[in-house]
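Structure first, commentary second.
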Amino acid sequence: MTMKTVICIGMAGSGKTTFMQRLNSHLRSKEEVPYVINLDPAVLNVPYGANIDIRDSIKYKKVMENYQLGPNGAIVTSLNLFSTKIDQVIKLVENKREKYEHVIIDTPGQIECFVWSASGSIITESFASTFPTVIAYIVDTPRNTSPTTFMSNMLYACSILYKTKLPMIVVFNKTDVTKADFAKEWMTDFEAFQTAVRDDQDINGENNMGSGYMGSLVNSMSLMLEEFYSQLDMVGVSSFTGEGFDDFLDAVDKKVDEYDQYYKAERERIIKDKEEKEKQRKEKSINGLMKDLGINDKKKANEDDSADVISDLEEGEYDGLVEADEDDYEGVEREYTFAGDARQGEINSDNAPDLQQRYQEAFEKLGKPASSDTAANIARHIR
Ligand SMILES: Nc1nc2c(ncn2[C@@H]2O[C@H](COP(=O)(O)OP(=O)(O)OP(=O)(O)O)[C@@H](O)[C@H]2O)c(=O)[nH]1
């Protein structure tokens, strides 16, 4: 049995959490209980039993208060703190190789906080270099029927594919509301997509697609998107009804084969190439991590925090349609990633020495003087 990781990524409201809930219960119904990890520090309610939950070790509200951060800054900082323990997390998961086949991971809805942060890369890389890893990019199908929105979403997926260099499955969710056939057609037949763009522009009063901004953008994007589509699998699912989940699992197996055949070798080649530059790379990651913490530049951190939370859902829409099922929690062994006092996770004076020490160690490993301004600032803020 090969343990494989599925990382669920998607815009806020696309249904990642509900998808995770359904995937969990679907696998359980096949007696293939998955190992579940929640990496969303800000989620209020996790409607499935998680084996590892970032919220056990990091208290999001405390991070906001203690670092004086807004919602997005606090998510990034929470992930940064969690990523300092990623080796421990990987070990916990590795110890379960014999028992579980699927490791499924939920990520924050503020997609950019995960995908474009230093810690998001560290976490993804750590899993991908230990287990065959597949990205499930969740799309809200009813919200993507406009060709312009669809193309924007696909471009985002494309940037994630190139950033992570991992096999990807585009999961069109909520097919109980809108079937995903149109998406399949647009992804396989570029003419059909162009027609849809033209019709959309006619409706919106921007005629003559060839000369319009969208027309030329779509034309110039076509080759790149075609290449991108050829690299991925797409499935339509409904996290409400469970439709399409067997197709999704088949797609995961297919992508794991691809991972073994192509991505693994490619990753090994890249890792080998990078060995000489390893020291600089680590330094860059840690610098990025420190930057994300916003400790050196509090003003900037505050500005970043004012960024809007991306969501195209009206508040309360769809709410409460899926209820947590007690079976989804059954027999889940909860594992804690921060041992002892620090597990309580509150970034307070009790566990500050632990964090301080970890940063200190990170700097020492890089050969940086622990007394650098950044280290001193971190220590002061932790206190
Ligand atoms: N009709 C329908 N609604 C769905 C489906 N999956 C999720 N939803 C609804 O979509 C909304 C968003 O779902 P979540 O699972 O909270 O989405 P998320 O991507 O985790 O959102 P964040 O927590 O903001 O990241 C909720 O109101 C769900 O009830 C589905 O398959 N069909």
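Position 1 is the first residue of the sequence; numbering continues from there. All ligand and atom numbering here is 1-based and tracks the order in the structure. Just so you know, these numbers come straight off a predicted model, no measurement behind them.
At a 3.5 angstrom cut-off on N or O pairs, Val237 does not count as close to ligand 1. Between Gly13 and ligand 1, an N or O atom pair is found at a separation short of 3.5 Å. Backbone and side-chain nitrogen or oxygen atoms of Thr175 are examined, and none is located within less than 3.5 angstrom of a nitrogen or oxygen of ligand 1. Considering backbone and side-chain atoms together, Phe19 places no N or O closer than 3.5 Å to any N or O of ligand 1.
Contacts between Gln21 and ligand 1, counted as non-hydrogen atom pairs separated by less than 4.0 Å, are absent for every part of the residue. Both the backbone and the side chain of Thr17 come within 4.0 Å of ligand 1, counting heavy atoms alone. Looking at Asn173 against ligand 1, only its side chain comes within 4.0 Å, counting heavy atoms.
Using a non-hydrogen distance threshold of 4.0 Å, Ser238 registers as a contact of ligand 1. Proximity of Met11 to ligand 1 is established by a heavy-atom distance of less than 4.0 Å. No heavy atom of Val43 sits closer than 4.0 Å to any atom of ligand 1.
The two atoms that bring Asn51 and Pro34 nearest to each other are OD1-O, 4.0 Å, heavy atoms only.
Of the listed residues (Asp140, Thr18, Thr241), just one forms a side-chain hydrogen bond (donor to acceptor under 3.5 Å, both in side chains) with Lys174, and that residue is Asp140.
Taking the centre of each ring, Phe19 and Phe245 come in below the 6.0 Å mark.
Under 4.0 Å is where a charged nitrogen must lie from a carboxylate oxygen, and between Arg55 and Asp40 no such pair does.
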- [ ] Step by step, work out the side-chain contact (heavy atoms from CB on, under 4.5 Å) result for Phe127 and Val89.
- [x] CA-CA 10 Å; Phe127 277 101; Val89 174; 4.2 Å; yes
Open item on the list: Run Lys179 and Glu243 through salt bridge (Lys or Arg N to Asp or Glu O under 4.0 Å) and show every step you take.
Closed with: CA-CA 11 Å; Lys179 293 277 169 226; Glu243 181 195 3; 3.3 Å; yes
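Note on Ile169: it clusters hydrophobically with Val237, by side-chain heavy-atom contacts below 4.5 Å among ILVMFWY residues.
Close approach to Gly109 involves these atoms of ligand 1, each under 4.0 Å from a residue heavy atom: 25 (O). Heavy-atom contacts of Asp176 reach the following atoms of ligand 1: 1 (N), 2 (C), 30 (C), 31 (O), 32 (N) (cutoff under 4.0 Å). Per-residue contacts place Lys16 under 4.0 angstrom from the following atoms of ligand 1 (heavy atoms of the residue considered): 15 (O), 17 (O), 18 (P), 19 (O), 20 (O), 25 (O). Here is the list of ligand 1 atoms found below 4.0 Å of a heavy atom in Val177: 1 (N).
For Lys96, the NZ atom sits in a packed shell: over 12 heavy atoms of surrounding residues, nucleotides or ligands are nearer than 6.0 Å.
Counting only N and O atoms by type, the side chains of Asn80 and Ser119 include a donor and acceptor under 3.5 Å apart.
Between Glu101 and Met3, every side-chain heavy-atom pair lies at or beyond the 4.5 Å cut-off.
Taking only non-hydrogen atoms, the option from Thr141, Ile9, Thr18, Thr241 nearest to atom 7 (C) of ligand 1 is Thr18.
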